[in-house]
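First up is the structure itself, then whatever we jot down about it.
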2 protein chains.
Amino acid sequence: MATTGSNGRGGKSQGETRAPGVKDVAALAGVSLGTVSNVLNRPDRVNVQTKARVEAAMAELGFVRNESARQLRAGRSNALAYIMLDASNPFFTDVAHGIELAAEAHDLSLFTCNSSNRAERETVYLSRLEEQRVQGILITPVNPDAEALDELPWRGTPVVIVDRTRSANTHCSVAVDDVLGGELAVSHLIELGHDHIAYIGGPNTLGQVRDRRRGAQKALADAGLGPDNLIDITTDALTVEEGRKAGERIAGRPASNRPTSAFCANDMLALGLLQQCVALRMAVPDDLAIVGYDDIDFAAAAAVPLTSVRQPRRELGRRAAELLLAETTDPSHEHEQVVFTPELVVRGSTRM
Amino acid sequence: MATTGSNGRGGKSQGETRAPGVKDVAALAGVSLGTVSNVLNRPDRVNVQTKARVEAAMAELGFVRNESARQLRAGRSNALAYIMLDASNPFFTDVAHGIELAAEAHDLSLFTCNSSNRAERETVYLSRLEEQRVQGILITPVNPDAEALDELPWRGTPVVIVDRTRSANTHCSVAVDDVLGGELAVSHLIELGHDHIAYIGGPNTLGQVRDRRRGAQKALADAGLGPDNLIDITTDALTVEEGRKAGERIAGRPASNRPTSAFCANDMLALGLLQQCVALRMAVPDDLAIVGYDDIDFAAAAAVPLTSVRQPRRELGRRAAELLLAETTDPSHEHEQVVFTPELVVRGSTRM
DNA sequence: CAGATTGAATGAAACATTTCAATTTGGAGG
DNA sequence: CCTCCAAATTGAAATGTTTCATTCAATCTG
């Protein structure tokens, strides 16, 4: 680790004069405060030549508008925030991208925070953002039923819940039909002739894990199969590592009672499972067919491309942002629970 | 896509009273403004009972400190920002995580922005952040030599360049020795007996792509091999899709002139290449050995685990944040160019 | 008990901007 | 030459917090 240096002039060029403000610009341009402000905020209301003079002064001084002061006066900022649950899961970065597009369209900034699945980080960010007077907060919460989420809207900062649903109808939310998703996945496996299907997912405290299992059970029932045909393999988290462990558990079963296919509650698990299959020389899909969930880009890029349940990630984010903006503008707002429909994408991991 | 509604009370409960401020708290608690402020900022300097009374008043009113006003007075915010180049590349989310840890340790907020490789988004974020008076900005710039990066520090907002280097020594920067990384990768392949090695990367405007190639060439020269032993396959971007295309190009070559191994400028390319190999029934590593770069988590999780050049991603971020903080506190600051050392991680894609 | 010391609380000033009612300016119309 | 009008500009007030020099009260010292 090498290191070299130089420079020395920390900040400003000379006698450390403090940052120029509208006042300085006004003085230099020979106009009043109000006029400078008009140039900034209602350029059409000021004479072209005056405007040019003011702009020249700004450039000369290197004027940078002080957003704090502007905000103080305005009462609110022009930013949205998204508190994402796990920045290392591509699913969420894609959702964030959708939000960003919507924010950009409305000329708002988006600040992204990452709770890394820790409730206490989430709390810190929530209150910091509230103090910043952001226009609203989008969040995929660690626990969707946490009461902390009720306070902010009550005090005036709208909150929209993303990719989670809540028992009480207290917020707008955007989610995807997880029961249907599970149904699609398992119906597909049944059609391929599988009747020993593993469901890999956990922990069961996650509503999504439960919903996707329910969908799987429904598909079995609809096909005249019993709940015993679904072999539950519960994991500690939805990670690649846990997927690998699940693979070991499957391989460890006696051949008579070994599933011929697996439905994973997300793609991270599925990728881990796939990797373990290769390591253990189980052929995919011949020895074990695999269906994932989320259809992240890496799923299609796996060595055996993964069949997966696609969620409209971008659209999820975009719609959430729009709900938020609607809530900020419309005072007589009715909370809306938007539910998108998932879609099965069939690839090599189930097709021979 | 179903939708249901309810609620109706947009914000506050009653007569839409505006948010309570220190003034209201002071009135309710029967103390002066200054005392409320002291409770907030120097709790030890105020009588315990008074403090309790003030805190009760805050709770009752649902007081939320107005960060704009605080900032206006203080002159600066307590936040850092990281403008990342591509949030969909796990490498950068890991770097961001390192930054976050450092920020958290100093009790600062981190706002993450994503330029998505677009110079114009980058510009927008830079100026918004400057207006917010963030303490400093970390950035992986679209173009490290852009002059826009010089203006902010000149006006007083420190900027640290992450994972890129600059010709001029005008900023602190943190990077990894890419020439050495390329050397490690290709030396490894040479040791395994390869002498037809493809270098997959592009576009050549990227300094990193060039540096890693230089390292590769150096390794060849050191082993007494000529530059002809490196087969250059230039891509349009460092994406999975481009990796797949590169695989097609390799397969399309006559067997006599086909490389037996490939060194990819990042893991996204390597994953795409790997996928294409499987699709075209080229065995990895027997028909084609593959080395990636970055060692993202998905590299280890690939069906054929990927040999890759690991960069200390978290550490990169953490160190960058520390340089930034040093610059904000120490006025007589010398710019520092930190260069970390990469490390080769050997896995199945090169080992039989 | 006078004087000194400490601990708590006060309130006005400052921060940089925006807004808006009031004022000025330069013509046009009569 | 006067009146009126629109366009352009002005300047003071307001935003919510922090700071700091004072004030006030109570306790301690000799």
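All values below were derived from every heavy atom in this structure, side-chain atoms included, with hydrogens, water molecules and symmetry-related copies excluded. Treat the numbers as computed from the prediction; the structure is a model and nothing was measured. Below, chains carry the letters A, B, ... as their sequence lines are ordered, and counting in each starts from 1.
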Problem - Nucleotide of dG16(D), dT10(C), dT18(D) approaching R70(B) most closely (side-chain heavy atoms) - result: dT18(D)
Problem - Short side-chain N/O contact from S68(B) to OP1 or OP2 of dG16(D), under 4.0 Å - result: no
Practice task
Under 4.0 Å between any heavy atoms, over every strand shown, what does N41(B) touch: base, sugar-phosphate, or nothing? Just pick one.
Solution key: sugar-phosphate
Practice task
From the options dA8(C), dT10(C), dA8(D), select the nucleotide whose nearest atom is closest to the side chain of N47(B).
Solution key: dA8(C)
Exercise for the section: Tell me whether the OP1 or OP2 atom of dT10(D) has a side-chain N or O from T35(A) closer than 4.0 Å. Expected result: yes
Exercise for the section: Measure from NZ on K23(A) to C1' on dT18(C) and round the result to the nearest Å. Expected result: 14 Å
Exercise for the section: Nearest whole angstrom, please: distance from the P of dA16(C) to the CG of L61(A). Expected result: 14 Å
Fill in the blank from the handout: Of dT17(D), dT10(C), dT15(D), the nucleotide closest to the side chain of A69(B) is dT17(D)
Fill in the blank from the handout: Across all chains, not counting sequence neighbours, the side-chain contact (heavy atoms from CB on, under 4.5 Å) partners of A81(A) are L129(A)
Problem - Whole-Å gap separating P (dT10(D)) and CG (N38(A)) - result: 10 Å
Problem - For atom CG of L33(B) and atom C1' of dT15(D), their distance in whole Å - result: 13 Å
Handout entry: Atom-pair distance (CG on D44(A); C1' on dA6(D)), nearest Å
Key = 15 Å
Handout entry: First encountered from the 5' end of DNA chain C, between E67(A) and T50(B)
Key = T50(B)
Exercise for the section: Could you pull out all residues at least two apart from E122(B) that satisfy side chain to side chain donor-acceptor pair (under 3.5 Å)? Expected result: none
Handout entry: Nearest-neighbour nucleotide for the V46(B) side chain, dT10(D), dT18(C), dA9(C) considered
Key = dA9(C)
Exercise for the section: May I have the distance from N66(B) (atom CG) to dA14(D) (atom P), rounded to whole angstrom? Expected result: 18 Å
Practice task
Please work out if G34(B) contacts a base, only the sugar-phosphate, or nothing of the nucleic acid, heavy-atom cut-off 4.0 Å.
Solution key: base
Handout entry: Contact under 4.0 Å: S37(B) side-chain N or O vs dT17(D) OP1/OP2
Key = no
Handout entry: Ring-face cation contact, F63(B) with R65(B), 6.0 Å cut, 45° max
Key = no
Practice task
Could you tell me whether the side chain of N66(A) reaches within less than 4.5 Å of the side chain of R133(B), counting heavy atoms only?
Solution key: yes
Handout entry: Distance, rounded to the nearest Å, where R76(A) contributes CZ and dT17(C) contributes C1'
Key = 17 Å
Handout entry: Sugar-phosphate, base or nothing in reach of V36(B), heavy atoms under 4.0 Å
Key = nothing
Problem - Whole angstrom value for the distance that separates C1' of dT17(D) from CZ of R133(A) - result: 11 Å
Handout entry: For the student: nearest non-hydrogen atoms of P158(B) and T328(B), plus distance
Key = CG-CG2, 3.7 Å
Problem - dA8(D) OP1/OP2 closer than 4.0 Å to side-chain N/O of R42(A) - result: no
Exercise for the section: Name the nucleic acid region contacted by L72(B), choosing base, sugar-phosphate or nothing; use a 4.0 angstrom heavy-atom cut-off, strictly under. Expected result: base
Fill in the blank from the handout: Among dT10(D), dT17(D), dT18(C), the one nearest any side-chain atom of R65(A) is dT18(C)
Practice task
For the side chain of V31(A), starting at C-beta, report the closest nucleotide among dT17(D), dT17(C), dT10(D).
Solution key: dT10(D)
Practice task
Just compare dA9(C), dT17(D), dT18(C) and give me whichever is closest to any side-chain atom of R73(B).
Solution key: dT17(D)
Exercise for the section: Report yes if some heavy atom in the side chain of F111(A) is under 4.5 Å from a heavy atom in the side chain of T112(B); otherwise report no. Expected result: no
